[in-house]
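This chain uses plain numbering: 1 for the first residue, then up along the sequence. Counting starts at 1 for both ligands and their atoms, following the listed order.
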Amino acid sequence: MKTQRIYLRIFSIFILCVISISFSNIYAQKKIFTVVIDAGHGAHDSGAVGSFAKEKNINLAVSLELGKMIAENFTDVAVVYTRKKDIFIPLQGRADIANSNNADLFISIHTNSNTSSKPYGAETYTLGLAKTKANTEVARRENSVILLESDYKTKYKGFDPHSVDSYIMFEFMQDKFIDQSIEFASAVQQQFGKNHRYNRGVRQAGFWVLHATAAPAVLIELGFISNRSEEQFLASKAGQKQLATSIYNAFATYKYNFDKRSGIPTAKDPKLIEVKTDTLTASKYNPDSARNKSGIENTKQQTAQKNTSNTNLPIFKVQILASRKKLSTDNAAFGGLKNVDYYEENQWYKYTVGNTADYAEIQEIHTQTTKKHFDAFIIAFINGEKISVIDALKIIRDTKKQR
Ligand SMILES: [Zn+2]
C-alpha cells in the first residue's frame with residue numbers, strides 16, 4: 001500500500017510537470033512579436049561624451065526602461081536586448097542578435113553629438129541615402145565603432161566608415177522594410193514632438209547596423225550630449241523615463257496598427273502611457289536659436305557629368321575562385337554551381353557566376369554563392385574591362401541622373 005501511494009505521488013508530480021511545461025509552451029507561443037532593443041555602444045566604446053555624461057550609459061538606461069514598459073504591457077511581445085550591461089557588442093553582432101531572434105522590429109538607441117554646442121532635439125533615422133552632410137556625419141560617427149574591431153576589413157566586406165565612396169552601397173540596396181521602418185520612425189518623432197521634445201524629423205542615412213538587420217529598423221538619436229542643458233536632461237532619471245515613454249508610445253501605436261493589418265484582435269485604442277514632463281524640460285528652448293533647419297533641407301546634388309564615352313552599363317559578376325590551370329566548368333571545385341564563366345587576368349583563370357547590370361541582383365547571387373564559397377566577392381566590368389565596384393556604381397548613378 002505504502003509503495004503504491006509513493007508511486008501515485010510520483011505519477012501526479014510527473015503529470016503536473018507535463019501540464020506546466022505545455023502551459024509554458026503555449027505561453028511562449030503567444031509571444032508572436034519580437035522587438036529587439038539595441039543600446040548603442042558599451043564598455044570601452046563610450047560613444048559620444050559630454051561634459052560629464054557618456055552616451056553608452058544614457059542609451060542603456062533608456063533601452064532598459066523602454067524594454068521594461070513593453071514587457072509589462074504586452075504579453076504577446078518578446079523583448080530582446082542586444083546588451084543589458086556595460087559590455088562591448090560589435091555592430092554586426094547587434095544585427096546578428098536581431099536576425100537570429102527573427103526580429104519584427106529593431107530599435108537602436110543612440111545619443112547625438114555635434115562640434116557646436118547649439119543643436120538640440122531628437123531625430124530618428126531609417127536606412128537610406130543621406131541627403132545632407134549633417135546626416136552623413138551622424139552615420140559616419142555611429143559606423144566608426146567598427147574600427148574598434150581588429151578584423152573589421154574582412155568582417156565588414158571592405159566597408160570603410162570614413163570613406164565617402166563606401167556609402168555608395170546604400171544607394172543601390174533594396175530595403176523591403178523601408179515602409180514599416182518609416183512608419184515606426186514617424187511614430188517616434190510624433191511622440192517626441194507631443195512630449196515637448198524638439199522634433200528634428202525622420203531622416204535617412206547609411207547605418208551599417210540598420211543595413212545588416214533583416215527587419216524594420218530605426219536608429220533614434222535621443223538628443224545632443226554636446227548641448228549643456230540637453231546633456232542634463234539626457235542624463236537625468238526623469239529625462240530618461242520621459243524619452244523611454246515616448247518611444248514606448250510609438251511602439252504601442254505601431255504594434256496596434258501591425259495587429260490590425262495582421263487580423264489580430266485589438267483593443268479599441270493603442271495602450272499609451274501618459275508622459276510626465278514635470279521636471280527637467282530641457283526641450284523648452286527658443287527655436288530661434290536653432291540652426292538645425294538648414295540641416296534638414298534637401299540639397300539636390302549637382303551632377304558632375306562624367307565622361308560619357310561608355311555607352312554601355314557596367315556588368316557585375318561574382319568571383320568564386322582563381323586558378324593557374326584552366327578548369328572545366330563542371331569541376332568539383334565549383335560545388336555544382338551552374339553557368340560558371342571565367343576571365344583571364346595576369347595569367348590566372350578567374351571563375352565567376354552571375355552576369356547582370358543590376359546591382360541588387362548580383363548582391364542576391366553573391367549571398368547565395370557565399371553559402372558554398374565563403375570568400376566569393378562581387379566584381380565589375382565595363383566594355384570587357386575590369387573596374388572597381390565603386391566606380392561601376394558611380395557610373396550607374398551618373399547615367400541615371402543624366403536621364
Ligand atoms: Zn551612438
Steps toward side chain to side chain contact (heavy atoms under 4.5 Å, CB included) verdict (V80, I37): CA-CA 6 Å; V80 175; I37 303 175; over 6 Å; no

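Excluding waters, the set of protein N/O/S atoms under 2.8 Å from the Zn ion (ligand 1) reads H41 NE2, E55 OE2, H110 ND1, E142 OE1, E142 OE2.
The shortest non-hydrogen separation linking F381 to G384 is CD2-O, 3.9 Å.
Stacking of K255 on the aromatic ring of F33 is recorded, both the 6.0 Å distance cut-off and the 45° axial limit being met.
A side-chain hydrogen bond (donor to acceptor under 3.5 Å, both in side chains) check over residues 333-342, counting only residues at least two apart or in different chains, returns the pairs K326-Y342.
One finds no salt bridge joining K394 and D398 here, because no Lys/Arg side-chain nitrogen approaches an Asp/Glu carboxylate oxygen to under 4.0 Å.
Note: F334 and Y351 have tilted aromatic rings, judged against thresholds of 30 and 60 degrees for the angle between ring planes.
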